[in-house]
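Below, read A as the first sequence line, B as the second, and so on, with proteins coming before strands; counting in each chain starts at 1. No hydrogens, no waters, no symmetry mates; every other heavy atom, side chains included, goes into these values. Quantities reported herein were computed from a predicted structural model and do not represent experimental measurements.
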Amino acid sequence: MIALIDCNNFYASCERLFNPALNDQPIAVLSSNDGCIIARSQEVKKLGIPMGAPAYKWRTKLELKNVHLFSANFTLYGDMSRRVMQIMKQFSPDVEIYSIDEAFLHLETLRDNDYYSLGKKIKTQVAQWTGVPLSVGIAPTKTLAKLANKIAKKYEHLGGVFIIEDPKRQTWLDYTDRLEMTNVWGIGWRSVLTLRKHGIYTLKQFMNMDEQRVRNLMGVTGLRTHSELHGTKCILHEHTQQPHKTIISSRTFSKPVTTLDELRESISTFTARAAEKLRKKQCAASFVHVWLKTNKHRKDMPQYRGYDFMSLPLASSYTPELIAYATKALSRIFKPGYHYKKSAVMLTGIVPQNQVQLNLFHENYPLAKRTQIMHTVDELNKQLGSRTITFGSMGTFQPWKPKQELRSQRYTTSWDELMTIKI
Amino acid sequence: MLSLDMHYFQLQTSQKVLIPLAFNSVSAGFPSPAQDFLENHLDLNEYLIEHPTATFFVRVQGDSMQGDRIFDGDLLIVDRALEPKDGDVIIALLDGEFTVKRINKNTTGFWLVPSNKHYRKIKITSEMDFSIWGVVLHTIRSFR
């Protein structure tokens, strides 16, 4: 059996743990630059404010209904997620982390088949240990487990846990009467439209469709979903993560940037960040791509998008070298007179570091020394806090950095930002 | 087969284990008498923290717990995984506000007890919104 664990309103729940006065208050979390709503508590969902809503557009309603706004505190959310996932490992030797707040647990057969109690146990323990509420769906396939989780979330009387033991005894289908078909993993709005065109409006009807017909209308992925709903495992286990083919680092600027110096700061910072990710995977990159964009929403301002890339003779993860190439690309595409809104750096041609062969032309390349330098930098940043050691070209003031004016404290990762209690 | 009272333990392979080197090479001719008794270094994390995923650090301000040697500015190590016992120092959530007190059970009910004569103990009643956020295990106070 497979369990799908999904935290309820994860970001909002993290904020509430250290600020319990907000437990029944409407909370929304904003994306970088405090732009769009990326998380809503149950109360905000009920107010009809949609996911992704731009904060400034909805500010009247947000103010009227006293919605508490927070800038995304990913440091906190990341740490809380790590804790939740670590607890999951007590319940299964095979935990597949799917997103920041979701994981599949591959369960061994339970002696007395009491999966409901197991689900309750997981829910209770995580709530007690971390304060994070979650829902549990357990079923023989991933697609069904995900659906079971949605059912558990929708019907409060189920206690946050729902089990689909025997998919063939389709009693669980009754619970899907009031669920949109898009709640099924693998069925998106496009599929729904296609199905509707062919007279399929409900999940029950979809389940009863002939396999060939499903394949004709929705392709092999649709058939996979259909089979999984019938209890046949079709979706592969993500045992090993494929090495990422690209690493991107980018941010929108909090205010328009016009000078090459400021752009160089941002490009250097993004390159350094991307290079850190590269080294974490023990890889090196052969290509550095750079983008510049103006604000496409400002139709009154001149628009420009620049792009260029540089190829390295030898794949590298040495930050100063990558910054040098990124800066070169930047100087090629920079045009004065524009108000830039965003810049981005992408690394491609990613290969494992140990596959980088020094050949005759690179005899003098100080690979060992550079590897040692970066290792030292990474270790110091890890131990003393990120940005302990940065590279000069990144700038110290960085006025273009995204705003996070409403960010709560990093209660679990920063000694200076611990929760303080008056006793 | 899994049963509900079982759970899996993960081997913590990521933590650094300080393995003492045999610092005397035998070529010197005289092996160290301490050789066979070498043990691991002392690790504060191991000593102080039983449930890392449920442990949080909190600072306190105020003097209501001075009798328990909890002083203004102290760092508290709080464990949410432990079942609170009578007499534990806990972080309580009372009507939406945090406080740190000892929890005591007697014939009249549950009480939140300070350790400073200028403060009164509080009886927990059914009208109150009360819950226990965590159990305080240790305080850390620095002299420098």
Decide if atom NE2 of H375(A) counts as having more than 12 heavy atoms of other residues, nucleotides or ligands within a radius under 6.0 Å. no
Answer with side chain, backbone, both or neither: which region of L75(B) has an atom nearer than 4.5 Å to a non-hydrogen atom of chain A? side chain
I70(B) and I423(A): CA distance, side-chain angles, deciding distance, side chain to side chain contact (heavy atoms under 4.5 Å, CB included) verdict: CA-CA 10 Å; I70(B) 300 177; I423(A) 63 171; 4.0 Å; yes
With only heavy atoms counted, which part of L82(B) is less than 4.5 Å from chain A, the side chain, the backbone, both or neither? backbone
Does atom NZ of K45(A) have more than 12 heavy-atom neighbours, drawn from other residues, nucleotides or ligands, at distances under 6.0 Å? yes
Whether W133(B) side chain and L17(A) backbone form a donor-acceptor pair below 3.5 Å: yes
Using non-hydrogen atoms and a 4.5 Å limit, figure out which bit of L22(A) sits close to chain B: side chain, backbone, both or neither. neither
Measure up the F18(A) and F56(B) rings against each other and bin them: parallel (under 30°), tilted (30 to 60°), perpendicular (over 60°). perpendicular
Does the side chain of F57(B) reach to within under 4.5 Å of the side chain of W415(A), using non-hydrogen atoms? yes
Between the side chain of R83(A) and the main-chain N/O of T53(B), is any donor-acceptor distance below 3.5 Å? yes
With a sphere of 6.0 Å drawn around NZ of K422(A), does it hold more than 12 non-hydrogen atoms of other residues, nucleotides or ligands? no
With a 4.5 angstrom heavy-atom cut-off, could you sort out which part of T55(B) is near chain A: side chain, backbone, both or neither? backbone
Checking the side chain of R80(B) only, and the main-chain atoms of A127(A) only, is there a donor and an acceptor separated by less than 3.5 Å? yes
Which heavy atom of V60(B) sits nearest a heavy atom of T420(A), and at what distance? C-CG2, 4.5 Å
d(N23(A) CG, L93(B) CG) to nearest 0.5 Å is 7.0 Å
Would you say the side chain of F98(B) lies within less than 4.5 Å of the side chain of M419(A), judging by non-hydrogen atoms? yes
For atom CZ of R141(B), is the number of surrounding heavy atoms from other residues, nucleotides or ligands below 6.0 Å larger than 12? yes
Can you say whether T130(A) sits under 4.5 Å from chain B via the side chain, the backbone, both, or neither, judging by heavy atoms? both
In terms of heavy-atom proximity below 4.5 Å to chain B, should K121(A) be classed as side chain, backbone, both, or neither? side chain
